[in-house]
Amino acid sequence: MIRLSKSCLSHLEKSAVMKVLDKEYLGMGEEVQEFEKALTSFFGRPAVCVSSGTAALHLALQAVGINNGDEVLVQSLTYVASFQAISATGATPIACDIDPDTLCIDLKDAESKLTQNTKAIMPVHYSGGVGNLEQVYVFADRHGLRVIEDAAHAFGTNYMGKKVGGFGDIACFSFDGIKNITSGEGGCIVTNDNNILQTVCDARLLGVKKDTEKRYLGERSWKFDVSEQGWRYHMNNIMAAIGIVQLDRFEDFSRKRRELAIRYDELLTDSNINPIQHNYNEVVPHIYVVRLPSGVDRNNVEKQLLRKGIQSGVHYQPNHWLTKYKKNDKLQVTDDQYSNLLTLPLHPDIEINDVEYVCDNLLRACQ
Ligand SMILES: *Cc1c(COP(=O)(O)O)cnc(C)c1O
């Protein structure tokens, strides 16, 4: 079976985990601090580790003061995590349409949905590309909005010569099992804003002030004060030990992901299958998404691929179709594109000849 996505683990992650188990200190301590240091040097800005990408988004939103009655602009075509993180604060996610080329947020549509309650915009770096992120920041400046980037797909991507997370307001990453690097589950918040950093450090440990510093000394606060709502969102040493090794291996992972995507592109040019275009000198692809020719039955294509031992997927069911987030307005591009989107296998353990096999079978299934 050629899997759509998977964790890529070696003996290195396993022995790192064993070391933590041998030390019998499983909570948040030395390894988490070390992973944060490594991430901080990777991004060139401070990173705070948490238990998931969703937790990262939730804490970032809370830290900028997003609250009941506020509205946050976000594209409908994203994982439900983006929407749930927004609604967890009491705010309303305002589902926006996408640009048909990048499948990132359409700022014209976003502009038409601004109200006096709009406090932030959450651009989602769909499949690893950031779309027109510069314009997102211009838009946010003009309308006084905070920017919380959902960069779950964009670990390692560069934009205008800078690493995503290394510039801008706040970027949130995910290290779940299938992301560009994993810590089992996990995520991080990257920003230069010291207030935000302190707030998320406290909020990930139930709002206990300055507990992070204590934990990194192998201690914890017994006498403390709490003034804000917090959560159990910290990362633990087992996760961090995996993350440290994965970050070391990231250069190999990213080279492989790019190679595979470039091979897909080559094999699908001159066909009626239309991949999302990226500049792979900059983008590290998290998923490889194509648009099938209109009129082709996607279910049938997926079934035929599966019969050949090839998994595929669909990223994502639009959120404005879900009961919790349903609205009556149509999102023309999202609704049109969704039914043709198909995600093909992409992870570092796939070989170039697997890509050839996938494309052969895909082209046959679409005839
Ligand atoms: C994976 C993902 C998240 C959430 O990350 P978790 O670590 O799974 O909580 C958020 N947004 C997008 C677009 C994702 O793909």
Side-chain angles (χ1 to χ4, degrees), residues 4-7 32 35 39 47-62 72-89 93 95-96 98-99 102-105 120-131 133 136 147-157 164-165 170-190 200 203-204 231-236 238-240 242-243 246-247 257 276 278 283-289 313-320 322 325 334 338 341 343 346-347:
L4 176 62
S5 54
K6 68 189 253 314
S7 310
V32 177
F35 189 29
L39 288 166
V48 175
C49 286
V50 293
S51 55
S52 71
T54 310
L57 292 169
H58 181 194
L59 289 183
L61 289 158
Q62 179 178 295
V72 178
L73 301 166
V74 58
Q75 65 187 69
S76 181
L77 191 78
T78 180
Y79 188 38
V80 67
S82 321
F83 273 64
Q84 285 280 13
I86 294 166
S87 55
T89 65
C96 296
I98 44 171
D99 176 278
T102 62
L103 307 198
C104 290
I105 194 164
I121 182 168
M122 182 184 287
V124 178
H125 302 331
Y126 186 88
S127 80
V130 299
L133 188 53
V136 171
V147 180
I148 294 102
E149 298 177 34
D150 181 340
H153 291 192
F155 188 88
T157 284
V164 170
I170 305 175
C172 295
F173 294 86
S174 163
F175 306 133
D176 83 27
I178 59 158
K179 292 288 175 11
N180 289 2
I181 65 167
T182 186
S183 55
E185 299 286 346
C188 74
I189 297 144
V190 185
V200 298
R204 69 176 162 173
W231 313 88
R232 282 288 277 184
Y233 278 173
H234 62 279
M235 181 176 275
N236 70 47
I238 299 177
M239 300 158 83
I242 298 172
Q246 289 263 305
L247 183 57
R257 284 180 175 276
I276 296 178
H278 289 302
V283 170
V284 178
H286 169 56
I287 49 177
Y288 189 84
V289 179
V314 179
H315 293 85
Y316 297 93
Q317 219 183 176
N319 283 277
H320 72 286
L322 305 176
Y325 302 116
T334 305
Y338 168 72
L341 296 180
T343 307
L346 184 74
H347 56 74

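Keep in mind it's a predicted model, so treat the numbers as computed, not measured. We count ligands from 1, going down the list as the structure has it; atoms in each ligand are counted the same way.
Ligand 1 does not have H286 within reach: every non-hydrogen atom of the residue lies 4.0 Å or more from it. Contact analysis leaves Y126 out of contact with ligand 1, as no non-hydrogen atom separation drops below 4.0 angstrom. The closest approach between G186 and ligand 1 falls below 4.0 Å for a heavy atom of the residue.
Interface of T78 with ligand 1, defined as ligand atoms under 4.0 Å from a residue heavy atom, comprises 13 (C). Close contacts between ligand 1 and A81 involve ligand atoms 3 (C), 4 (C), 10 (C) [criterion: under 4.0 Å to a heavy atom]. Atoms of ligand 1 found under 4.0 Å from any heavy atom of S52 (numbered from 1 in listed order, with element): 7 (O), 9 (O). Close approach of ligand 1 to G53 (heavy-atom distance below 4.0 Å) involves ligand atoms 5 (O), 6 (P), 7 (O), 9 (O).
Here the side chain of R232 pairs no donor or acceptor atom with the backbone of R204 at under 3.5 angstrom. Between the E149 side chain and the A171 main chain, no donor and acceptor come within less than 3.5 Å of each other. At distances below 3.5 Å, at least one donor-acceptor pair connects side-chain atoms of N319 with backbone N or O atoms of S76. Checked by atom type and distance alone, the side chain of N180 pairs as donor or acceptor with a backbone atom of F155 at under 3.5 Å. Side chain of T182 to main chain of S7: no donor-acceptor pair is present (N/O by atom type, distance under 3.5 Å, no hydrogens or angles).
Between V74 and V124 the shortest heavy-atom distance is CG2-CG2, 4.2 Å.
In terms of protein heavy-atom proximity, atom 11 (N) of ligand 1 is closest to D150 OD2, 2.7 Å. The nearest heavy-atom contact from the protein to atom 1 (C) of ligand 1 is K179 NZ, 1.6 Å. When hydrogens are left out, the protein atom nearest atom 15 (O) of ligand 1 is H153 NE2, 2.9 Å; that is the closest non-hydrogen contact. Nearest non-hydrogen protein atom to atom 8 (O) of ligand 1 is D176 OD2, 3.1 Å.
Contacts between F83 and ligand 1 below 4.0 angstrom, taking non-hydrogen atoms only, are absent altogether. Contacts between T54 and ligand 1, counted as non-hydrogen atom pairs separated by less than 4.0 Å, involve both the backbone and the side chain.
Residue contacts with ligand 1: Y316 is placed with a nitrogen or oxygen under 3.5 Å of a nitrogen or oxygen of the ligand (distance criterion only).
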